[in-house]
Novice: 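There's a structure below that I have some questions on.
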Amino acid sequence: MSDEPNPQETNTRHTNWGRLGLLTLGLILIALGVAWQLRLLPFGNSLPRQNAIMIIAPYKHQGTWVFDDRSAGLVQEPFVAGVPEMIDVIVKDIPDADKGFRLLFSSNPFPDYQKKLVWLRGDGGGNYYRFSDSDMEGWICPAMFKYYEKAPPELYVKAEPLK
């Protein structure tokens, strides 16, 4: 009897370990892909956007201003608690704004912005902001954190007609 391993037995063991390793790697990659799509990972597409100026297109639905941003997982996200009245002020010169308009916003000033909003306080997961040139204030809901990691001290906005 020889102490030498049987080459056929050794090849079979290596093949089984190789297959198991490939299968494990494949399952890990599939699990990561699913977690990425469900935004369960603390990085990647779950991070707020990094654009300097962002754009949404609010419109009226059932009497209030809402917006869609499917890339952020938001559909008919409503503006509430004073923000609809603030929007009414910035769209007053846009014909048919209730059918949709472009709202540019940034935490930094940009050319021709219309209004500067100043942070007042956090409340209920959202944040209250006030127009810098009036006492008008409104609550921006936690959906803001799809765009910013933390509530900016100032927001700059501009409404434009859809083109």
Side-chain angles (χ1 to χ4, degrees), residues 24-163:
T24 302
L25 179 62
L27 290 173
I28 289 170
L29 290 174
I30 289 169
L32 283 172
V34 168
W36 176 275
Q37 288 298 316
L38 296 175
R39 299 173 186 246
L40 299 175
L41 299 176
F43 55 84
N45 63 359
S46 64
L47 284 177
R49 296 183 170 79
Q50 300 301 313
N51 295 22
I53 299 174
M54 289 168 270
I55 302 171
I56 57 175
Y59 58 95
K60 283 241 177 143
H61 175 72
Q62 295 185 355
T64 195
W65 292 106
V66 300
F67 72 98
D68 302 333
D69 187 343
R70 283 178 173 70
S71 68
L74 302 170
V75 178
Q76 294 182 346
E77 183 68 26
F79 291 100
V80 297
V83 175
E85 293 80 6
M86 295 169 87
I87 291 173
D88 289 340
V89 168
I90 65 172
V91 300
K92 69 181 178 353
D93 295 327
I94 298 176
D96 299 321
D98 60 328
K99 294 178 183 156
F101 69 95
R102 288 176 6 129
L103 179 67
L104 290 80
F105 64 99
S106 176
S107 59
N108 299 304
F110 58 91
D112 300 324
Y113 72 85
Q114 278 178 284
K115 292 284 189 178
K116 175 181 173 180
L117 286 78
V118 179
W119 184 86
L120 297 174
R121 64 191 174 281
D123 186 16
N127 289 273
Y128 278 92
Y129 283 84
R130 172 183 59 76
F131 280 151
S132 64
D133 61 355
S134 78
D135 291 335
M136 200 169 209
E137 69 177 60
W139 183 75
I140 298 178
C141 75
M144 176 173 65
F145 299 114
K146 301 281 187 175
Y147 302 94
Y148 298 103
E149 287 185 39
K150 61 181 189 167
E154 300 167 339
L155 286 171
Y156 298 84
V157 298
K158 179 180 184 180
E160 299 177 336
L162 289 175
K163 297 179 179 170

Novice: Taking the side chain as C-beta and beyond, is there a heavy-atom pair between I90 and L103 under 4.5 Å?
Specialist: yes

Novice: If you look at every heavy atom in D88 and W65, which pair is closest and at what distance?
Specialist: OD1-NE1, 2.9 Å

Novice: I'd like to check the side-chain contact (heavy atoms from CB on, under 4.5 Å) partners of N108; sequence neighbours left out, ordered by chain and number.
Specialist: S106

Novice: Working to the nearest 0.5 Å, report the span between CD1 of I140 and CG of N127.
Specialist: 7.5 Å

Novice: Tell me whether the count of non-hydrogen atoms from other residues, nucleotides or ligands lying under 6.0 Å of NZ in K150 goes above 12.
Specialist: no

Novice: Looking only at non-hydrogen atoms, find the nearest pair between F105 and I55 and report the distance.
Specialist: CE2-N, 4.3 Å

Novice: Rounded to the nearest 0.5 Å, what separates atom CD1 in I94 from atom NZ in K99?
Specialist: 14.0 Å

Novice: For I28, give me all partners under side-chain contact (heavy atoms from CB on, under 4.5 Å), at least two apart in sequence or on another chain.
Specialist: T24, L32

Novice: Hey, can you tell me if Y128 and W139 have their rings parallel, tilted or perpendicular (30° and 60° cut-offs)?
Specialist: tilted

Novice: So which atom in M136 and which in E85 form the shortest heavy-atom distance, rounded to 0.1 Å?
Specialist: CE-O, 3.5 Å

Novice: Apply side chain to side chain donor-acceptor pair (under 3.5 Å) to D96 and list each qualifying residue two or more places apart in sequence or on a separate chain.
Specialist: none

Novice: Nearest 0.5 Å please: distance from the OH atom of Y129 over to the CG atom of L117.
Specialist: 8.0 Å

Novice: Can you name the closest pair of heavy atoms from A151 and F145 and give their distance?
Specialist: N-CE2, 3.6 Å

Novice: Once salt bridge (charged side-chain N to carboxylate O under 4.0 Å, His left out) is applied, do any residues pair with D112, and if so which ones, sequence neighbours excluded?
Specialist: none

Novice: For the atom pair CG (D98) and CD1 (I87), what is the distance rounded to the nearest 0.5 Å?
Specialist: 12.0 Å

Novice: Taking distance alone, no hydrogens or angles, what donor-acceptor pairs closer than 3.5 Å link side-chain atoms of residues 154-163 to residues at least two apart or in another chain?
Specialist:
from : atom 1 : to   : atom 2 : distance (Å)
E154 : OE1    : Y156 : OH     : 2.7
E154 : OE2    : K116 : NZ     : 3.3
K158 : NZ     : E160 : OE2    : 3.4
E160 : OE1    : R102 : NE     : 3.0
E160 : OE1    : R102 : NH2    : 2.4

Novice: According to side-chain contact (heavy atoms from CB on, under 4.5 Å), who are the partners of D93, at least two apart in sequence or on a separate chain?
Specialist: none

Novice: Would you compute the distance between atom CD1 of I53 and atom OH of Y113 and round it to the nearest 0.5 angstrom?
Specialist: 12.5 Å

Novice: Is any side-chain heavy atom of P58 less than 4.5 Å from a side-chain heavy atom of F101?
Specialist: yes

